[in-house]
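Below is one structure, written out as C-alpha cells; comments come after it.
Below, each value reflects all heavy atoms present in this structure, side chains not excepted, and no hydrogens, waters or symmetry copies. Everything numeric in this text was worked out from a predicted model, so none of it was measured. Throughout, protein chains are lettered first and strands after them, A, B, ... in sequence-line order, and every chain is numbered starting at 1.
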Amino acid sequence: MFLTQTFARIPWAYTVRRLVYNIPVYMGVILLVMGCLRMHDPIYSYLGKNATEQQYEKFAEKSGLDQPFVYQYFSFLGKIVTFNFVDDPSWDKPGESVGELISKSIGPSLAITIPALCLTSLISIVVGLLSAFNRGNLFDKSLVVTAVLGMSVSFLVYIIFGQYFGAFVPKQHFGYDIFSVSGYEPMFPHFPTSFADIQYAINTWCYYCMLPVMISVIVAMGYDSRFYRAVMVEETGKDYITTAKAKGASQAKIMFVHMLMNAMIPIITRIMTTVPFLITGSLLLEVFFGIPGMGRQLILAIGAKDFPVIQAYTAVLAAAFIVSNVLTDVLYAIVDPRVTLR
Amino acid sequence: MNFGFLQTRTARKFLRNKLALGASFIIAIYFVFAALVMCGLITLPQTEERIGPKHIPGFYGHARPEVRLEQVASYFEKVEIALDSTSPEATLAEIKFGELRVANKSLEELRQIVDDGWVFYDELTEQENLDVSPNVIPMIEKFEQKKAELFAPMTDFQATKQMIYLSLGTDRQGRSIALRAIYSIKVAFQIGAVTSLISVLMGSFLGAAAAFFGGWVDHVVIWLYSTFSSVPNLVLLVVLAYTFSGTMFDGTLVPVYVSFCMTFWIGPCRVIRGETLKIKELEYVHAARAMGFNRVYILLRHIIPNTAHLMLVNFSLLFIGAIKSEVILSFLGLGVKKGPSWGIMISQAKSEVITGYFWQIGTATIFMVGLVLAFNILTDALQDILDPKHV
C-alpha cells in the first residue's frame with residue numbers, strides 16, 4: 001500500500017528531465033578530468049625520464065594516447081556509458097583491466113559507506129531532536145560545545161587514535177582481538193546459501209569494517225547533529241507546533257511525528273550532501289585500514305601514476321555523485337507535497 | 001583615526017558577543033606568531049635541525065627508563081663516532097644539538113668521559129626488567145651527569161633557548177616539535193589566506209556576474225560550478241594536486257594553492273549568485289541603471305560591495321576548510337612537501353603512536369584545534385550577525 005503510493009508519487013518526467021540536464025554537466029566533468037590528467041604527459045611520468053622514443057611510442061599506441069583528443073574523449077565517454085572497461089588494461093597491475101579493478105573495489109567501499117551513512121543520519125537526527133527540544137539546558141549546551149570541539153579536530157587524528165585505541169591497544173596489551181588493525185576479507189566468498197554463511201558475513205564485517213564505520217560516525221556526528229539541531233530549533237518556533245501542543249499532543253508525538261515530518265526536506269538535503277563527504281571520508285579510512293575500496297585504489301593508482309585507473313575512477317565517482325544529486329531532488333518531491341516541480 | 005565603524009549596528013552586535021571576541025583574540029595571537037615567523041623568528045633550516053635524541057617527551061618529562069637510557073646513550077654515540085673519525089677535532093666541532101656544543105676539552109679527556117659513560121651504560125643494560133627496578137633512576141641520572149660533562153656549559157640565554165626547543169619534545173629525527181608546530185602556523189595562514197582569498201574573490205565575481213548579466217553568462221557559470229562540484233571534493237583535490245606534482249612547481253605550495261582554489265570557489269559562487277539575484281531587483285540598482293551607468297560599473301561598484309558580508313562569512317568558512325584539507329592532502333603525500341606543517345606532523349606521528357609516543361600528534365592537533373575552533377566560533381558569530389537566515 002505504502003509502496004504503491006510512493007511509487008505513484010515519483011515524478012517520472014521530472015526525474016528524466018533532471019537526468020538529461022545533467023548530461024552536459026557530466027560531459028564537462030569528463031572534459032575536466034581528462035584535461036587535468038593530460039596537463040603533463042602521463043606516459044612520461046609513468047615510464048620515467050629515461051624512456052626511449054620507441055618505448056614511448058609503443059606505450060602510446062597501446063593505450064590509445066596517440067589518438068587525437070576528441071577521439072579519446074568520445075571513446076572514453078562511450079566506455080563510461082556502456083561501463084565497458086574490459087579491454088582497458090591497468091598500467092601498473094599488468095593483466096588486470098580497469099573494469100575488473102572497479103568492480104572488485106565497489107563492494108568493500110559500500111560495506112563502509114552505507115552503514116556509516118545510515119548510522120550517522122539516524123543517530124544525529126535523534127541527537128539533534130533531543131538537543132533542540134531541551135534547548136538551553138545542560139544537555140543541549142554540552143552537546144553544542146562537544147560538537148564544535150569535535151569539528152575542529154582533524155579527521156586524521158580521529159583515525160589514528162581510533163585505530164590505536166580501538167584495535168591496537170586491546171590486541172597488544174589486553175589480548176582481545178576485537179577489530180582488525182588493518183586488512184580486509186570479502187564478506188561473501190561465495191553466494192550465501194545457508195544461515196552459517198550470513199553469520200560468517202556478519203562476523204567478518206564486524207571484524208574488518210566496524211571500527212572504520214564507528215570512526216566515521218563519530219566524526220560526522222559533530223557536523224550533522226549541529227545542523228539537525230538548527231533545523232529543529234527553527235521548526236519548534238512554528239505555529240503548527242503550538243497548535244499541536246494546544247491540542248494536547250504528547251511531547252514524543254510532537255517531536256517524532258509533527259516536527260520530524262516537517263523537517264524532512266533539510267534532513268534529506270543534508271543526508272545527500274554528506275554522500276561526497278562519505279566518499280572522501282571513506283577514502284582516508286580505506287587508506288588507513290587497508291580496505292581495498294575505491295578510494296584506496298585511487299590513491300594507490302595516483303602513487304603509481306597509473307593513468308587509466310585514475311581517469312576511470314574519477315569519472316565513476318563523479319557519476320555516482322551526480323546520480324545521488326538527482327536522487328535528492330526526486331526524494332524531495334516524494335516526501336514533501338509542497339514542492340512544485342518545474 | 002576614525003573609530004566610527006565601531007558604532008554601527010553590526011559592529012555593536014559583534015562586540016557584544018564575548019565568545020566571538022575571544023575567538024578573534026586567539027586568531028590574532030596566531031596571526032602574530034605567523035607574522036613573526038615570516039619575519040624570521042624561526043627559519044626553515046632551524047625546523048629541520050637535530051636538537052636531541054628522538055622521541056624525548058615534552059614538558060621536560062622523562063621517557064620510561066629503557067627508552068631514556070637509549071636517549072642519553074645516543075649523545076655518547078655521536079661523540080664517540082666523532083672521536084673515532086679521521087679528523088676528530090673538525091667532526092667534534094660540527095656536533096650540535098640545538099644550543100649544545102661539545103666541551104672545550106682535550107681528546108683524551110673526552111675519550112675518558114665517553115668510556116666512563118659506557119661503563120654506566122653496560123651496568124644498566126645488564127639489569128633485568130629495566131622499567132620496574134627501583135634503583136635504575138638514580139643510575140640513569142648519574143649517566144646523564146656524565147653526558148653533561150661532554151658538552152660545554154651554556155649561557156642563560158642559550159639554556160632558555162634549548163629549554164624552548166625541548167619544551168614539547170622531539171620527533172623521530174630528533175627535531176624540535178615546538179619549533180615545527182610554531183613554524184606550521186605560518187604555513188597554515190599562508191595556505192588559508194591565499195586560497196580562501198582567491199577563491200572567495202573568484203567565486204563572488206563569477207557568481208555576481210552570472211546573476212547580474214543572466215543569459216548565457218549565467219548558463220556558463222552554472223555549468224562550470226555544477227561540473228566542478230560534481231566531482232567529490234577530496235577526489236578533485238587529489239586529482240588536481242596530482243596534476244601539478246612533477247611539474248616545475250613541485251616542492252612549492254603552488255599545487256596546493258591551485259587545487260584548493262579550484263575546489264573552493266564553488267561555495268561562495270553559489271551563495272553570491274543567490275544574493276545577487278535578490279540585490280539586482282533593489283531600487284538602488286534600478287536607479288543606477290536609470291542614470292545610465294555601465295553595467296560592469298554597476299556590478300563592481302554597487303553589487304559586489306553589497307555582498308561583502310557573505311564574502312566575509314565564506315572567507316572564514318574556507319579558511320577552516322583549507323587548514324583541514326591541508327592535513328589530509330599532506331597525509332596522502334600530495335600537500336606540503338618541503339618543511340613542516342601540521343598535516344606533515346600528524347601523518348609522521350602515525351608510526352610513533354604505536355610505540356606510545358603522543359607528543360607530536362598531540363602538539364600538532366592542539367595547535368590546529370586552537371585555530372580551527374577559534375575560526376569555527378568566529379564563523380558562527382559572523383553568520384548570526386551578517387547572514388541570520390542561514391540555517
Heavy-atom distance under 4.5 Å to chain B: side chain of [X], backbone, both or neither?
X        : value
A:Leu149 : both
A:Tyr26  : neither
A:Val287 : side chain
A:Phe165 : side chain
A:Ile299 : side chain
A:Arg226 : side chain

Exercise. Can you tell me how far the CD1 atom of A:Ile322 sits from the OG atom of B:Ser229, to the nearest 0.5 Å?
Worked result: 8.5 Å
Problem set entry | Pairwise distance CD1(A:Ile159) to NZ(B:Lys350) - rounded to 0.5 angstrom | 10.0 Å
Has [X] got more than 12 heavy atoms of other residues, nucleotides or ligands less than 6.0 Å from its [atom1]?
X        : atom1 : answer
A:Lys238 : NZ    : yes
B:Lys54  : NZ    : no
A:Phe161 : CZ    : yes

Exercise. Do you know which of A:Leu298, A:Val233, A:Leu32, A:Val33 has the most heavy-atom pairs with chain B at a distance under 4.5 angstrom?
Worked result: A:Leu32
Exercise. Based on non-hydrogen pairs under 4.5 Å, which of A:Val153, A:Val169, A:Asn22 is most in contact with chain B?
Worked result: A:Val153
Problem set entry | Whether B:Lys324 side chain and A:Met151 backbone form a donor-acceptor pair below 3.5 Å | yes
Examine whether an atom of [X] lies under 4.5 Å from a heavy atom of chain A, and if so say whether it belongs to the side chain, the backbone or both; otherwise answer neither.
X        : result
B:Leu237 : neither
B:Leu373 : both
B:Ile346 : both
B:Ile222 : side chain
B:Leu334 : side chain

Of the non-hydrogen atoms in [X] and [Y], which two are nearest, and what is the gap between them?
X        : Y        : value
B:Thr227 : A:Gly28  : CG2-C, 3.4 Å
A:Tyr21  : B:Ser226 : OH-OG, 4.3 Å
B:Val369 : A:Ser152 : CG2-O, 3.7 Å

Would you mind reporting whether [Y] and [X] have side-chain heavy atoms less than 4.5 Å apart?
X        : Y        : result
A:Ser154 : B:Thr365 : no
B:Phe331 : A:Leu284 : yes
A:Thr314 : B:Leu236 : no
A:Ile160 : B:Ile361 : yes
A:Pro24  : B:Trp223 : yes
B:Phe358 : A:Tyr164 : yes

Seminar exercise, completed: With chain A, the option among B:Ile328, B:Ile366, B:Val372 that has the most non-hydrogen atom pairs under 4.5 Å is B:Val372
Seminar exercise, completed: Heaviest contributor of heavy-atom pairs below 4.5 Å to chain A, chosen from B:Val353, B:Leu240, B:Val231, B:Val327, is B:Val353
Exercise. Does the side-chain contact (heavy atoms from CB on, under 4.5 Å) test come out yes or no for A:Leu37 and B:Tyr242, once each step is laid out?
Worked result: CA-CA 8 Å; A:Leu37 291 176; B:Tyr242 163 78; 3.6 Å; yes
